[in-house]
Amino acid sequence: MRALILSDIHANIDALDAVLAAAPRHDVVWNLGDVVGYGAAPQAVIERAREIGTMFVRGNHDRACAGLIDAEYFNPIAFRAVEWTRGQLDPASLQWLKQLPRGPILTNDDRVSCVHGSLVDEDEYLFSTWEAREQWTHARTQVTFFGHTHVQGGFAANAEGEWFPLKPVYTRDDAAESYDLDLRSGATYLINPGAVGQPRDRDWRAAFALYDDQAERVTFFRVPYDVRLAQMRIRRAGLPDMLAWRLRVGQ
Ligand code: ZN
């Protein structure tokens with residue numbers, strides 16, 4: 001079985017379509033949340049995500065846009081994007097956002113679970129090996145896919161419980177690239193496919209990953225997309241300019 005892993009699409013239809021065009025053959029799609037928020041095409045992205053999606057975990061922006069949490073604790077730019085997004089969605093899409101399940105979710109592969117933030121807290125950011133180490137006792141599967149930080153890579157622990165950062169190595173910034181990670185038995189992994197629609201690891205290219213259970217491998221991908229079109233949509237929608245600017249710098 002091969003699973004396409006998507007996270008943090010953030011209403012960026014241009015990035016999502018580039019990812020789907022570049023994605024290798026796969027059997028299922030695991031979506032780690034934040035389908036909407038920030039970007040200017042929430043309705044189109046929800047429709048596309050529902051068409052292709054097999055398994056979903058909800059993100060904090062999905063909950064805010066669905067009205068499940070008070071978005072006032074968001075920063076003012078994110079708050080404005082939430083308010084704008086609510087006005088763009090039809091009732092069926094709002095209802096769909098509302099019913100998205102909370103992680104962790106076990107996938108159809110019993111070695112893998114999926115979360116938005118962390119295994120303990122769906123809103124927690126896993127940025128450091130110290131934070132990853134705290135997850136150790138909560139991991140029920142060899143691999144946990146997570147999102148939320150918008151940083152591709154993650155963490156691995158050896159059998160002794162020592163944690164190490166994982167970071168794909170790339171050489172370009174203007175073409176599609178991939179990076180293979182072979183999974184070792186006895187090791188535990190927390191893996192972030194990166195953000196499809198708003199990367200924050202100083203690489204503007206759309207990020208995603210592919211999990212292959214036969215090969216026991218996770219492949220990270222970066223693909224260029226029409227970022228100027230995505231920026232234009234944001235500016236035309238009257239959303240804060242910072243949301244357009246950050247797409248090209250990847251932060
Ligand atoms: Zn996000």
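Whatever order the structure lists ligands and atoms in, that order sets their numbers, starting from 1.
- The minimum heavy-atom distance linking T141 with S113 is given by the pair OG1-OG, 2.6 Å.
- Remark: of the listed residues Q251, H150, K167, R222, R222 is the sole one forming a side chain to side chain donor-acceptor pair (under 3.5 Å) with D201.
- Within the protein, the number of N/O/S atoms found under 2.8 Å from the Zn ion (ligand 1) is 4.
- A search for ring-ring contact (aromatic ring centres under 6.0 Å, His included) contacts involving W96 returns F56, not counting sequence neighbours.
- Taking all atoms of both residues into account, the shortest heavy-atom contact from R86 to G67 is NH2-CA, 3.8 Å.
- Checking side-chain atoms of N12 against main-chain N and O of G197 turns up a donor-acceptor pair under 3.5 Å.
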**OP:** Check the pair Q88, V36 against side-chain contact (heavy atoms from CB on, under 4.5 Å), reporting the backbone distance first and the verdict last.
**Re:** CA-CA 11 Å; Q88 300 297 311; V36 295; over 6 Å; no
